[in-house]
Amino acid sequence: RMAVLLSPDERFAAAVCSRTLGELPPLLGDDAPELDTVARSLETCLRAAQPRESLLLRTLRRTLECAVCANDDALPRVCGPLHRLATALPAGNIAGDVAAGLLLLFAHGLGQAIEEPAAAAPPKGPRVVMLGFAGGTPSDLRKYRDKLGFDAASTFLVCASEVPEVYERNLEAVLRGVREGGAGAPWAIHLFSKAGFLSLARLLKRLDVCRLQEERAHGAPVTPLAMEHPYGLALGPDGSTLHVSTQNGGAAISVSLKNGSMALTQQVAPPVPLVGRQVGGPLRGIAVDAANCMHVADRKAHRVAHYCPADAPQPSGFTEVKHPIALSVVHDMPHEAGTLLVGSVEKRASLDADGPDIGDAEGVVLAFPLDLHKPVFPLQVSATYGDKKSLSHPAGMLVSGGLLYVLDQSSKQLLSFDLETAKYKGAAIKTLPDVPEDVALVPDGC
């Protein structure tokens, strides 16, 4: 059950074919390929009698990197060759499936890094944010902008996108732009179809979190609401600070182990007050690595939020995970900088994130290598641990003696896996007396 360490091209292929777009390798780097180079590479692959799979996947990945930066120029030139590849390659060929997957992505939600209004041109009137429709490109939005009479210097054109790296980048650009005028500066939304409403929901949630972060500036006193339902604990790299994630408070709180003082470090998600009833909040586990990067599981947003350093003014990035619960940073795995382990419920009968894991629930532990010198997000998974019959709700994890121990909340067992092969070894403890929440290893090995 172990996913061997994949190359960027192999990770790209798996993400496109499975539509797990949060696992795509980074697309928006500074080394985007030239369109002419990509077009020639596609034609070369089409002319080859038996093109190598590695060459095909590299060409297809570079095609996506090019298209996501220049929809209007790239799509007319690459869609034809992609269609020919998808139909010419034999059934079951991974590259053919990837080519078809890219065409589907282009049609329904590739998106493009945002076109920000020209900084040199002062805006005339309120900022306008145009949230595009599925499959729309910047040229489509420019036509609507001009037809509606919006000022080009005041209008953000946001193409609908299903790619987390793209829509997260665009949300940050929009927030910077609409807040340039200061508090109370007017701005407006113009949206199209269901894709526009989804983009609006993402934007409003991000605005809500920004507002809370400003109201509770870093180091601000911890309010009762922010501290509601403490969940995860993580020790900072210097050993003097304990970090706490609050499930309903939506916050990451730091506790000084020297004097006991507490401060709100991050408002990761809007709080969900209990108000006398059991309502599940968004956050779960928390972990801090040796570079003082903080990682927080946001189960309702289906992702892990990363802050480098822990008190960074904005998230440094996100990694999509279906239902992240437990987090742990370990140094017993073959990665010099350590590994972030994420316990997640990947498959379940009930899609209600607040309810118990019942029915057809399947839990996994995902291993993500860390880079302490130059962190890049989203993180890329290197290994997967799981057992369909035994693991459904991974609530805590630790590594000792070459084994990964996983606490399963549903079966009330402590399960063990071989750290290197990911083979399930069995239950170290079969019957725990109560519903377990976490597990820890003390210095004497107990």
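These figures come from a predicted structure and were not determined experimentally.
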Atom CZ of R58 with >12 non-hydrogen neighbours under 6.0 angstrom: no
Side-chain donor/acceptor of E320 to backbone N/O of L21, under 3.5 Å: no
Short side-chain to backbone donor-acceptor contact, Q413 and L391, under 3.5 Å: no
Nearest-0.5 Å distance, SG of residue C159 to CG of residue N170: 8.0 Å
Carboxylate-amine/guanidinium contact R127 D151, below 4.0 Å: no
Heavy-atom side-chain proximity of L175 to R206 below 4.5 angstrom: yes
Exercise: identify the closest heavy-atom pair between P126 and S154: O-CB, 3.8 Å
side-chain contact (heavy atoms from CB on, under 4.5 Å) between F368 and F377, worked out: CA-CA 11 Å; F368 296 94; F377 304 105; over 6 Å; no
Atom pair NZ/CG of K430 and L414 - distance to nearest 0.5 Å: 13.0 Å
Donor-acceptor contact below 3.5 Å, side chain S416 vs main chain G426: yes
Note, L64 side chain near R61 side chain (heavy atom, < 4.5 Å): no
Smallest separation among heavy atoms of D9 and S54, with atom names: OD2-O, 4.4 Å
Student check: side-chain heavy atoms of P369 and Q380 closer than 4.5 Å: no
Intermediate values then yes/no, salt bridge (Lys or Arg N to Asp or Glu O under 4.0 Å), R142 and D72: CA-CA 11 Å; R142 282 193 291 270; D72 292 308; 3.4 Å; yes
Geometric cation-pi criterion, R303 with F318: 6.0 Å, 45°: yes
Atom of A287, atom of A234 and distance for their closest heavy-atom approach: CA-CB, 3.8 Å
Test side-chain contact (heavy atoms from CB on, under 4.5 Å) applied to L432 and L407, step by step: CA-CA 10 Å; L432 292 163; L407 192 64; 3.5 Å; yes
CA sep, side-chain torsions, deciding dist, call: D408, S410, side-chain hydrogen bond (donor to acceptor under 3.5 Å, both in side chains): CA-CA 6 Å; D408 186 68; S410 298; 4.6 Å; no
Ionic contact status for E162 with R19, cut-off 4.0 Å: yes
Any donor-acceptor N/O pair, T246 side chain to A251 backbone, under 3.5 Å: yes
Pairing of R176 and E172 as salt bridge, 4.0 angstrom limit: no
Side-chain heavy atoms of T59 within contact of V38, under 4.5 Å: no
N292 side chain to P309 backbone, donor-acceptor under 3.5 Å: no
Min side-chain heavy-atom separation L171-R202 under 4.5 Å: yes
Interatomic spacing from OG1 in T265 to CD in Q267 - rounded to 0.5 Å: 11.0 Å
Nearest non-hydrogen partners of P394 and V365, listed with the distance: CB-CG2, 4.3 Å
Short side-chain to backbone donor-acceptor contact, S161 and L110, under 3.5 Å: yes
Pairwise side-chain contact, S261 with V255, heavy-atom cut-off 4.5 Å (strictly under): no
Close aromatic pair by centroid cut-off 6.0 Å: H190 and F192: yes
Euclidean distance, L60 CG relative to R62 CZ, rounded to 0.5 Å: 12.5 Å
Validation row: P164, V166 side chains within 4.5 angstrom (heavy atoms): no
From CA spacing to verdict: side-chain hydrogen bond (donor to acceptor under 3.5 Å, both in side chains), S390, Y424: CA-CA 9 Å; S390 304; Y424 176 56; 3.3 Å; yes
Donor-acceptor pair, side chain of Y385 and main chain of L419, under 3.5 angstrom: yes
Any donor-acceptor pair under 3.5 Å from Q314 side chain to Y307 backbone: no
Minimal non-hydrogen separation, A134 against S193, with atom names: N-OG, 4.4 Å
Heavy-atom side-chain contact between F417 and V406 under 4.5 Å: yes
Distance (rounded to the nearest 0.5 Å) between H229 NE2 and N248 CG: 6.5 Å
Donor-acceptor contact present, side-chain Q266 to main-chain A312, <3.5 Å: yes
Test log, rule side-chain contact (heavy atoms from CB on, under 4.5 Å), inputs L24 and E165: CA-CA 9 Å; L24 284 167; E165 183 184 4; 6.0 Å; no
Candidate pair T431 and K412, rule side-chain contact (heavy atoms from CB on, under 4.5 Å), full reasoning: CA-CA 6 Å; T431 305; K412 301 181 183 180; 5.9 Å; no
L404 CG to D418 CG distance, which is reported to the nearest 0.5 Å: 10.0 Å
Sequence-distant partners of S344, side-chain hydrogen bond (donor to acceptor under 3.5 Å, both in side chains), two or more places apart: E346
Distance-minimising heavy-atom pair for F150 and T155: CB-OG1, 3.5 Å
Expected output: side-chain S256 to main-chain K258 donor-acceptor under 3.5 Å: yes
Candidate list L370, T319, V288, V342, test side-chain contact (heavy atoms from CB on, under 4.5 Å), partner H295, passing option: L370
